[in-house]
Amino acid sequence: MRAEDVQQIAKFRLGACLDTLERKAEEYAEESDPLHNFVRAGAMLGCSPARALVGMWAKHVISILDIVDRTDRGETVRAELIEEKVTDAICYLILLEAMLRFQNSSMEVDQ
């Protein structure tokens, strides 16, 4: 693999993340709050929204670990499944960063 290949994958994946965040915001956000589900889940579980998000993110990480296990066994994994799981995991980390940045009012979003 060449550096150019990694750059191409990164550009594609980050674009997919932006698309996913926009699409899912319409599906999951309540009253224009993209973090609504995590706030609600945290309240339901008696934990912070960030901890609820991390719990939900863990599901995606486990799926990725299962994919790695399958490839280690020589099984073929559909590219679409890999792309979906990696995109979801990245999106959760982006949402976590946003949540943590805005909880800590001293942090500003870099442009």
Side-chain angles (χ1 to χ4, degrees):
M1 178 173 279
R2 302 168 303 145
E4 296 84 17
D5 297 326
V6 173
Q7 289 295 320
Q8 183 178 2
I9 291 169
K11 287 178 184 177
F12 178 80
R13 184 63 40 232
L14 293 175
C17 288
L18 287 171
D19 291 344
T20 298
L21 287 167
E22 289 173 4
R23 186 172 29 81
K24 294 289 186 173
E26 293 173 6
E27 181 179 344
Y28 291 114
E30 183 71 25
E31 299 176 15
S32 302
D33 179 3
L35 304 174
H36 167 78
N37 276 13
F38 307 113
V39 172
R40 188 87 187 254
M44 184 179 85
L45 298 170
C47 64
S48 69
R51 190 152 311 276
L53 186 153
V54 169
M56 293 176 191
W57 172 73
K59 173 181 137 316
H60 298 287
V61 174
I62 290 167
S63 292
I64 292 169
L65 291 171
D66 290 344
I67 289 169
V68 170
D69 290 345
R70 289 172 59 190
T71 60
D72 282 350
R73 292 190 302 263
E75 298 175 25
T76 301
V77 179
R78 290 180 302 108
E80 296 85 6
L81 179 63
I82 296 167
E83 292 172 2
E84 174 189 345
K85 297 305 177 181
V86 169
T87 298
D88 287 345
I90 293 168
C91 287
Y92 271 73
L93 290 174
I94 290 168
L95 291 169
L96 179 61
E97 179 181 359
M99 184 183 294
L100 295 173
R101 281 178 173 266
F102 288 104
Q103 282 180 351
N104 183 359
S105 60
S106 66
M107 293 182 73
E108 295 180 10
V109 177
D110 297 329
Q111 297 294 329

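What you are looking at is a predicted structure, and each value in this text was computed from that prediction instead of being measured. Quick note: numbers below take in every heavy atom, side chains included, and nothing from hydrogens, waters or symmetry partners.
- With rounding to the nearest 0.5 angstrom, the CD1 atom of Ile82 is 12.0 Å from the OG atom of Ser63.
- Taking each heavy atom of Ala52 and Cys47 in turn, the nearest pair found is N-SG, 3.8 Å.
- Note on Val77: it does not cluster hydrophobically with Phe12, by side-chain heavy-atom contacts below 4.5 Å among ILVMFWY residues.
- Applying the ring pair (Phe, Tyr, Trp, His ring centres under 6.0 Å) rule to pairs touching residues 47-83 yields His60-Tyr92, sequence neighbours excluded.
- Distance check, rounded to the nearest 0.5 Å: CD1 of Ile9 to CD of Glu83 gives 9.5 Å.
- Atoms CD1 and CD, on Ile67 and Glu75 in that order, are 11.5 Å from each other to the nearest 0.5 Å.
- If you chain together hydrophobic residues whose side chains sit under 4.5 Å apart, Leu65 and Val54 fall into the same group.
- Atoms CG and CE, from Asn37 and Met44 in turn, are 10.0 Å apart once rounded to the nearest 0.5 Å.
- Counting only residues at least two apart or in different chains, salt bridge (charged side-chain N to carboxylate O under 4.0 Å, His left out) contacts with residues 55-66 are absent.
- At least one side-chain heavy atom of Pro49 sits under 4.5 Å from a side-chain heavy atom of Met99.
- Pairs passing the side-chain hydrogen bond (donor to acceptor under 3.5 Å, both in side chains) check and including a residue from residues 1-13, sequence neighbours excluded, read Arg2-Asp5, Arg13-Thr87.
- Hydrophobic cluster membership differs between Leu93 and Leu14, with clusters built from Ile, Leu, Val, Met, Phe, Trp and Tyr side chains linked at under 4.5 angstrom.
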Apply side-chain contact (heavy atoms from CB on, under 4.5 Å) to Leu81 and Arg70, showing your working. CA-CA 12 Å; Leu81 179 63; Arg70 289 172 59 190; 3.9 Å; yes
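- How far CG of Leu100 is from CG of Leu95: 11.0 Å, rounded to the nearest 0.5 Å.
- Atom-to-atom distance recorded for Leu53:CG and Leu35:CG is 7.5 Å, nearest 0.5 angstrom.
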